Amino acid sequence: MTTENNQKIRKLADWLTESQNTIAFTGAGMSTESGIPDFRSDKGLWTKTDPMEVATVEAMSRRYDLFHEFYSLRIKNVQHAEPHAGHKVLAEWENKGKLTAIATQNVDRYHHKSGSKNVYELHGALENIRCIDHGHSATTDEFLNQQTCARCGSLLRPGVVLFGEMLPQNTWTQALNLIQQSELLLIIGTSLKVHPVNQLPSMAKGRVVLINRENIEGTYHFDLTLSGSAGEILQATDQMIQGESE
Ligand code: APR
């Protein structure tokens, strides 16, 4: 950990201890240390696959074979990996009352799997399989085995928000309210490239902290920026907080 980051971690630990209402806002960079690729880093999914070919409603109907292959791979990636220590730190902070909720763009459910309870999934979840025609629920195995809906025979899809689709309205409204009322917003592992979720940070009324490997393009204001790996920074911050409370 660089000296510069050490001083910043000290400040982050202080702000976390002071804040009565902290929200975490996470992106794909939160899961890369679990082995799940992100989208726009140099090894990201969108550097190998054109999202317009696999992650739109039109692609789902026009080329269901490519759509199915892409999402089957992502589901298997998530099934064969697991949350890392950084996910567990956020879950512990919630448990200790240091973190109110997590708004996430991620669809891997790793926040739930590591024990977080108050999670708002702005882009849905891979494991929420449903049929395309009527929304009848189905299992990931039925999707992976290319089965059709047991009730109506329709093709199956994961319950993730595809490009061009509306976000889940209630989830959006709840996450927006939480962020607007937050005293401290932790933005972790996101390029903030995707609308409308990239509008959320500017709606925060309190301090905004960025924890990200790369710099963020755009006119965002961060009160503190920590460049590095989410898992490493979250664990170091937690150790700093633990050290104080002993
Ligand atoms: N620690 C911190 N930051 C990381 C780490 C890490 N271990 N790994 C990657 N990052 C950073 C990258 O540098 C990048 O800036 O996380 C960011 C991930 O950005 P994207 O790949 O664009 O992912 P995200 O912002 O979540 O994408 C948003 O785009 O395609 C859609 O629906 C998809 O939800 C996704 C949305």
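We use all heavy atoms of the structure for the numbers below, so side chains are in, but hydrogens, waters and symmetry mates are not. Ligands are counted one by one from 1 in listed order, and the atoms in each one are counted from 1 as well. Predicted, not measured: the structure shown is a model, and the values here were computed from it.
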Which atoms from ligand 1 have a heavy atom of [X] less than 4.0 Å away?
X	result
G27	26 (O)
S229	1 (N)
F163	30 (O), 31 (C)
D38	9 (C), 12 (C), 18 (C), 21 (O)
E33	1 (N), 6 (C), 7 (N)
E214	13 (O)
G189	3 (N), 16 (O), 17 (C), 18 (C)

For [atom], grab the closest protein heavy atom and report residue, atom and distance to one decimal in Å.
atom	result
atom 30 (O) of ligand 1	W46 NE1, 2.9 Å
atom 3 (N) of ligand 1	R213 N, 3.0 Å
atom 26 (O) of ligand 1	A28 N, 2.8 Å
atom 19 (O) of ligand 1	S191 N, 3.2 Å
atom 28 (C) of ligand 1	Q105 OE1, 3.2 Å
atom 10 (N) of ligand 1	G29 CA, 3.6 Å
atom 36 (C) of ligand 1	V194 CG2, 3.6 Å
atom 27 (O) of ligand 1	R40 NH1, 3.0 Å

Could you tell me whether A230 and ligand 1 have an N or O pair separated by under 3.5 Å?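 Yes.
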Does an N or O anywhere in F39 fall below 3.5 Å from an N or O of ligand 1?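 Yes: some nitrogen or oxygen of F39 is under 3.5 Å from one in ligand 1.
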Evaluate the side-chain proximity of [Y] to [X]: yes if any heavy-atom separation is below 4.5 Å, no if none is.
X	Y	answer
P158	V107	no
Y220	L210	no
N118	I102	no
F25	T104	no
L162	E58	no

What distance separates [X] [atom1] from [Y] [atom2], expressed to the nearest 0.5 Å?
X	Y	atom1	atom2	result
N106	H87	CG	NE2	6.5 Å
L176	M203	CG	CE	5.5 Å
H84	E33	NE2	CD	4.5 Å

Check this for me, if you would: do [X] and [Y] make a salt bridge, where the nitrogen-to-carboxylate-oxygen distance has to be below 4.0 angstrom?
X	Y	answer
E121	R109	yes
R63	E69	no
K117	E94	no
E232	R213	no

Within the structure, is a non-hydrogen atom of [X] found at a distance of less than 4.0 Å from ligand 1?
X	value
S41	yes
H123	yes
G228	yes

Counting only heavy atoms, which portion of N212 has something under 4.0 Å from ligand 1: side chain, backbone, both, or neither?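 For N212, the contact with ligand 1 is made by both the backbone and the side chain.
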Side chain, backbone, both or neither: which applies to T190 and ligand 1 if a contact is any heavy-atom pair less than 4.0 Å apart?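 Both the backbone and the side chain of T190 come within reach of ligand 1.
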Of all the heavy-atom pairs spanning L224 and K8, show the shortest one and how long it is.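 Shortest heavy-atom separation between L224 and K8 comes out as CD2-O, 3.7 Å.
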Heavy-atom distance to atom 8 (N) of ligand 1: which of T32, T26, L122 wins?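 Ranked by closest heavy atom to atom 8 (N) of ligand 1, first place is T32.
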Of all pairs that satisfy ring pair (Phe, Tyr, Trp, His ring centres under 6.0 Å), the ones with a partner from residues 148-200, not counting sequence neighbours: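 Qualifying pairs: none.
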